[in-house]
Amino acid sequence: MDRSTTATATAVATTTAPTASSADAALKDPQAGTLLLDGVPRQRGATAVLPAPRPATTSPVLAPPAPSAPHVSRALARLRSLRPWRLLPTPTGTPFTFGYAVVLTVTAMVTDYADPSLVHALQQGSSTDVAHLVREPVLVLLASALWMAGGITSPYAIGFVLVLTALERRIGGLRAAGVFLLGHVVATLATEVPVGLSVLVGDLPDSSLHRLDYGISFGVATSVGALAGLLRPWLRWPLLVVFGSMVVGDLLEFADPMTDWGHVMSLAIGVSTWPLVRGWRRARTQAASGPAIPAAVHTARTPGTVAA
């Protein structure tokens, strides 16, 4: 009985050994030679694949920066930004200066081509001498500003176009007209009233009451002084120095002292308007930029409340 048992055990061991070896062989990866775990998918033939090395890269060669624009190009760009055509009046941009320039051009042509006796009569009737100021002050103060002494090529005619255009673009047509009229009226009265008083006390003859006095120079000088207050310092002070030297030089020549004193006073009147014209320009700039939009206010509401 012991032999039978031993034989049976030997037979079982012999049968089991090949079975275990077959199982191990079945669970072994023939390529990698490793055992596979039962129940874990995608093991057969799965080998670790290392990422391919990246090729060595070199930093790109940067091109040298382009040279900066020369100073000449910058100067040209600044010149374009100035927009020189805005120095001249236009019907829509500066209607007061444009319309006034047209009227002065017409009266200048009348002066050049009309009958001299007719021109003298018209200018004499528009003169702001003492005799006319006593009888028709408003009429002659306005009519005298319709004529240009020296024609359309005179310095004051050219200054009128450039200065009034620049002033109107900054403060508006009505205000520019007010500045011009202020200097024209105040300087005229400041020069003619002393003449009348001197005739009254006997220091001057009666013929001084009748003189030919017309033109736009007082208004232009006042506009120059007002415009200087709106310019940057590098333009303001050269303008005042050049124009001031011109009017003071005319006064020192003593060719027409009453008119030359009127030019000096007109320039001073224009300078005295700096606070006013600067306020006008500030208001005009704010109006052009539009009203400020108020910040939105978020009001927290509790359930059940009703907004008033």
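As the structure is a prediction and not an experimental result, all values here were calculated from the model.
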- Set of side-chain hydrogen bond (donor to acceptor under 3.5 Å, both in side chains) partners for Ser144, sequence neighbours left out: His184
- Query: Looking at residues at least two apart in the chain, or sitting in another chain, which of them share a salt bridge (charged side-chain N to carboxylate O under 4.0 Å, His left out) with Glu192?
  - Reply: Arg211
- Query: Which pairs with one or both residues in residues 170-181 pass side chain to side chain donor-acceptor pair (under 3.5 Å), sequence neighbours excluded?
  - Reply: none
- Query: Is there any side chain to side chain donor-acceptor pair (under 3.5 Å) pair reaching into residues 224-253, and which pairs are they, with sequence neighbours excluded?
  - Reply: none
Which donor-acceptor pairs under 3.5 Å do the side chains of residues 193-208 make with protein atoms, sequence neighbours left out?
residue, atom, partner, partner atom, Å
Ser198, OG, Pro194, O, 2.8
Ser208, OG, Pro205, O, 3.4

- Message: Trp147: which residues meet the side-chain hydrogen bond (donor to acceptor under 3.5 Å, both in side chains) condition with it, sequence neighbours left out?
- Response: Ser126
- Kindly write out the residues that satisfy side-chain hydrogen bond (donor to acceptor under 3.5 Å, both in side chains) with Thr94, not counting sequence neighbours, or none if the list is empty. none
- Query: How close do Ala114 and Val119 get, heavy atom to heavy atom, and via which atoms?
  - Reply: CB-CG2, 3.8 Å
Atom pairs and distances, donor-acceptor, side-chain atoms in residues 133-142, under 3.5 Å, two or more places apart:
none

- When rounded to the nearest 0.5 angstrom, what is the spacing between CD1 in Ile216 and CZ in Phe180? 5.5 Å
- So does Trp274 have more than 12 non-hydrogen atoms from other groups sitting under 6.0 Å from CH2? yes
- Item | Heavy-atom neighbours of Met109 CE exceed 12 at 6.0 Å | no
- May I ask you to decide if Gln123's main-chain N or O and Ser127's side chain share a donor-acceptor pair within less than 3.5 Å? no
- Would you mind listing every salt bridge (charged side-chain N to carboxylate O under 4.0 Å, His left out) that reaches into residues 106-116, with sequence neighbours excluded? none
- Item | Nearest heavy atoms of Ala176 and Phe96, plus distance in Å | C-CE2, 4.4 Å
- State, with a plain yes or no, whether a side-chain heavy atom of Thr165 is found less than 4.5 Å away from one of Leu87. no
- Tell me, yes or no, whether the heavy-atom count around Leu174 atom CG, taken from other residues, nucleotides or ligands under 6.0 Å, exceeds 12. no
- Note on the structure: Gly93 and Arg169 have their tightest heavy-atom pair at CA-NH1, 4.3 Å
- Task: Measure the shortest side-chain to side-chain distance between Leu251 and Trp261 over non-hydrogen atoms and say whether it is less than 4.5 angstrom.
- Result: yes
- Would you say Leu189 and Val185 make side-chain contact, with heavy atoms under 4.5 Å? yes
- Between Gly183 and Ser266 the two heavy atoms that sit nearest each other are O-OG, 4.1 Å
- Item | Residue list, side-chain contact (heavy atoms from CB on, under 4.5 Å) with His120, at least two apart or on another chain | Gln124
- Task: Taking all non-hydrogen atoms of both residues into account, name the closest pair between Val247 and Leu267 and its distance.
- Result: CG2-CD2, 4.4 Å
Exercise answer: donor-acceptor pairs, residues 97-107 side-chain atoms, under 3.5 Å, sequence neighbours excluded:
residue, atom, partner, partner atom, Å
Thr97, OG1, Leu164, O, 3.3
Thr97, OG1, Glu168, OE1, 2.6
Tyr100, OH, Ala145, O, 2.4
Thr105, OG1, Ala101, O, 2.7
Thr107, OG1, Val103, O, 3.3
Thr107, OG1, Leu104, O, 2.9
Thr107, OG1, Leu146, O, 2.8

Please tabulate, for the side chains in residues 149-163, all donor-acceptor contacts under 3.5 angstrom to protein atoms that are two or more places apart in sequence or on a different chain.
residue, atom, partner, partner atom, Å
Ser154, OG, Gly151, O, 2.9
Ser154, OG, Ala157, N, 3.3
Tyr156, OH, His263, ND1, 3.3

- Task: Kindly compute the distance separating CD1 (Ile171) from CG (Leu276), expressed to the nearest 0.5 Å.
- Result: 8.0 Å
